[in-house]
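Remember, it's a predicted structure, so these values are computed and weren't measured experimentally. Atoms within each ligand, like the ligands themselves, are counted from 1 in listed order.
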Amino acid sequence: MSGLLPDESNGEVAGGGASTSRADANASSSQQAPPSRYEAQKRRDWNTFGQYLKNHRPPLALSRCSGAHVLEFLRYLDQFGKTKIHAPACPFFGLAHPPAPCACPLRQAWGSLDALIGRLRAAFEEHGGKPESNPFGARAVRLYLREVREMQAKARGIAYEKKKRKRPGSATSAVAAAAAASTAASAAAAAAAATTSEGSGGSGSALSGATTSSSPSGLGDPHLL
Ligand SMILES: [Zn+2]
């Protein structure tokens, strides 16, 4: 069944598409405002993740969920992405507005993933999870988001400074701040890790790439600006 798709109508998972807030239909005592778009999106995200866990093989309980599982989830979401991310070999690599189509894959944009993780992280604790064991706050997730951010910035020629997407509550949190703090230095490293994948045997590719990308082996390509 395809009920797992994260609100594809709007493209990006975090886009906050047509907010069907039929859950509040019964709140006709309407003194309190209806949930914000952020709250509604957060609820949808949480449900989507719950569905993902439910369909996971082997089955996965929320209490056993780790950062690695969150990464798995994020990669799974990529197939529903709507953002063209050019491969380094693509002639349009680094162009924000390519003049022609190309065969590069569509992915979830970093901003979408970042906002999604922020919402899920909050939802986890609202559902009784302990901050210390919040898989959405795991270091591996933070590193992965940073790597995605840097790779997409290069691939799309877009610097993610304060690019305001249409998200209201701005769930960016400390993750974005931390990622913003270290940009250029490890961007080249991330790109190098992406292209020269000789180190890892290809087992846990993206994760191992994320963890090893801190060695600045590929400086010398100040492509970013
Ligand atoms: Zn391309």
A cation-pi test, strictly: NZ or CZ of Arg119 under 6.0 Å from the centre of the six-membered ring of Phe49 and no more than 45 degrees from its axis. Yes or no?
no
List for me each residue that meets side-chain contact (heavy atoms from CB on, under 4.5 Å) alongside Lys130, sequence neighbours excluded, and say none if there are none.
Glu132, Ser133
Side-chain contact, heavy-atom cut-off 4.5 Å: Phe92 with Pro99?
yes
Please verify the inter-ring angle class for Phe73 with Tyr76; under 30° counts as parallel, over 60° as perpendicular, anything in between as tilted.
parallel
Flag for Gln41-Asp45: side-chain donor and acceptor within less than 3.5 Å
yes
Do Lys42 and Trp46 pass the side-chain contact (heavy atoms from CB on, under 4.5 Å) test, and can you show the C-alpha distance, the side-chain angles, and the key distance before you say yes or no?
CA-CA 6 Å; Lys42 187 171 62 181; Trp46 187 248; 5.7 Å; no
What protein atoms of element N, O or S are positioned under 2.8 Å from the Zn ion (ligand 1)?
His86 ND1, Cys90 SG, Cys102 SG, Cys104 SG
